[in-house]
Amino acid sequence: MAGELSIFLDESDYQKVLNAIAKLNNIEKDAVVHRALQEAGNIIKKQGQANLKNSLSREPQNVRMRKGNLQKSFRTKVYKKKGKAHIGFTKKGHHAHLVNFGTMKRWTKKGAYRGSVSKGSPMTGSRFWSLAFEQKKAQAGREIIDSVIKSVKKIGWR
């Protein structure tokens with residue numbers, strides 16, 4: 001999922017975060033922001049895992065060949081210097097976009113049908129990842145604010 005999905009805070013929430021971390025030194029700021037981004041990313045990651053699990057086929061022929069690589073490949077990576085987090089997949093989840101968005105019906109050159117990755121109709125994937133972000137982006141934004149304020153109080157400022 002190379003698409004850009006962003007969470008934005010409104011001006012008052014952004015000011016709360018800035019005021020909370022204003023008194024901290026750089027090392028403490030980095031730790032507080034890192035923790036907040038990690039916790040917010042984990043909210044979306046867990047929802048994505050739950051959505052994927054619910055969207056998977058339960059037919060025996062499909063379950064038998066499943067290895068669970070996509071389910072295990074969810075990761076949250078926080079970039080300290082950039083102040084942002086990426087929630088996505090490792091190399092074992094290289095096919096996540098196909099499951100999320102679906103594919104067209106496919107045939108080989110000789111005419112053998114190879115199926116489609118779809119939920120009901122071609123080009124309609126499970127949308128597990130897109131829905132996870134939409135469902136949890138507001139909660140993740142609130143988690144960033146709450147985590148920063150909680151961490152600052154824990155450090156002893158305020």
Side-chain angles (χ1 to χ4, degrees), residues 1-58 62-63 65-103 116-120 123-158:
M1 310 294 117
E4 182 79 21
L5 303 174
S6 299
I7 297 172
F8 295 99
L9 303 175
D10 63 9
E11 190 63 34
S12 63
D13 291 338
Y14 183 65
Q15 285 303 319
K16 283 182 194 175
V17 170
L18 289 180
N19 291 338
I21 64 173
K23 298 173 186 168
L24 303 176
N25 64 37
N26 288 340
I27 295 172
E28 291 170 334
K29 282 180 190 177
D30 289 344
V32 166
V33 171
H34 184 275
R35 181 182 175 117
L37 291 173
Q38 187 73 38
E39 289 176 0
N42 285 339
I43 289 173
I44 295 172
K45 180 179 90 169
K46 286 178 184 176
Q47 184 64 43
Q49 288 173 321
N51 288 356
L52 177 62
K53 188 174 183 178
N54 291 334
S55 71
L56 292 175
S57 172
R58 286 158 182 75
N62 293 335
V63 173
M65 65 184 199
R66 192 177 299 143
K67 304 278 189 279
N69 288 336
L70 184 56
Q71 189 72 32
K72 296 177 207 170
S73 71
F74 284 82
R75 291 292 180 265
T76 302
K77 180 167 176 57
V78 177
Y79 296 93
K80 289 181 185 180
K81 290 185 180 181
K82 295 180 182 179
K84 64 181 180 179
H86 285 174
I87 309 128
F89 309 93
T90 62
K91 290 179 184 178
K92 294 218 176 208
H94 59 84
H95 57 291
H97 65 288
L98 299 174
V99 177
N100 189 49
F101 298 118
T103 62
S116 71
V117 177
S118 63
K119 194 77 169 172
M123 293 304 291
T124 307
S126 66
R127 308 282 296 156
F128 75 96
W129 191 239
S130 304
L131 290 174
F133 182 77
E134 289 302 318
Q135 290 169 343
K136 295 295 182 174
K137 72 178 177 182
Q139 184 180 350
R142 283 192 306 273
E143 181 63 30
I144 290 172
I145 296 163
D146 295 343
S147 178
V148 166
I149 291 171
K150 181 179 168 185
S151 295
V152 169
K153 285 182 180 177
K154 190 175 182 180
I155 292 171
W157 294 98
R158 198 94 158 116

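No hydrogens, no waters, no symmetry mates; every other heavy atom, side chains included, goes into these values. Just so we're clear, the structure is a prediction, and the values are computed from it rather than from any experiment. Along the sequence shown, residues carry numbers from 1.
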Report summary line: When every non-hydrogen atom of S55 is compared with those of F128, the smallest separation belongs to OG-CB, 4.4 Å
Requested in this report: Mind listing the closest non-hydrogen atom pair of A36 and V148 along with its distance?
Outcome: CB-CG2, 3.7 Å
Report summary line: When rounded to the nearest 0.5 Å, the distance separating OG1 of T124 from CZ of F101 is 12.0 Å
Query raised in the report: Out of curiosity, L70 CG to N100 CG, how far, rounded to the nearest 0.5 Å?
Result: 9.5 Å
Report task. Search all heavy atoms of I43 against all heavy atoms of A140 and return the closest pair with its distance. Result -> CD1-CA, 4.4 Å
Requested in this report: Keeping the roles fixed (side chain from S147, backbone from I144), state whether a donor-acceptor pair exists under 3.5 Å.
Outcome: no
Query raised in the report: Short question: side chain of T103, backbone of V117 - any donor-acceptor pair under 3.5 Å?
Result: yes
Query raised in the report: CG of L18: more than 12 outside heavy atoms within 6.0 angstrom?
Result: yes
Query raised in the report: For H86 and K84, which heavy atoms make the closest approach, and how far apart are they?
Result: NE2-CE, 3.9 Å
Query raised in the report: Rounded to the nearest 0.5 Å, how far does CG of N51 lie from CG of L131?
Result: 6.0 Å
Report task. Rounded to the nearest 0.5 Å, what's the gap from OG on S126 to CG on L56? Could you check? Result -> 7.5 Å
Query raised in the report: When you look at NZ of K29, are more than 12 heavy atoms from neighbouring residues, nucleotides or ligands closer to it than 6.0 Å?
Result: yes
**Report entry** Atom pair CD (Q47) and CZ (F133), whose distance is rounded to the nearest 0.5 Å
**Finding:** 12.5 Å
Query raised in the report: Are K77 and Y79 in a cation-pi setup, meaning NZ or CZ lies under 6.0 angstrom from the ring centre and within 45 degrees of the ring axis?
Result: yes
Requested in this report: Any salt bridge (charged side-chain N to carboxylate O under 4.0 Å, His left out) involving residues 35-46? Give me the pairs, sequence neighbours left out, ordered by first then second residue.
Outcome: R35-E39
Query raised in the report: Between R142 and Q139, is any pair of side-chain heavy atoms under 4.5 Å apart?
Result: yes
Report summary line: Rounded to the nearest 0.5 Å, the CD1 atom of I87 sits from the NZ atom of K136 at a distance of 13.0 Å
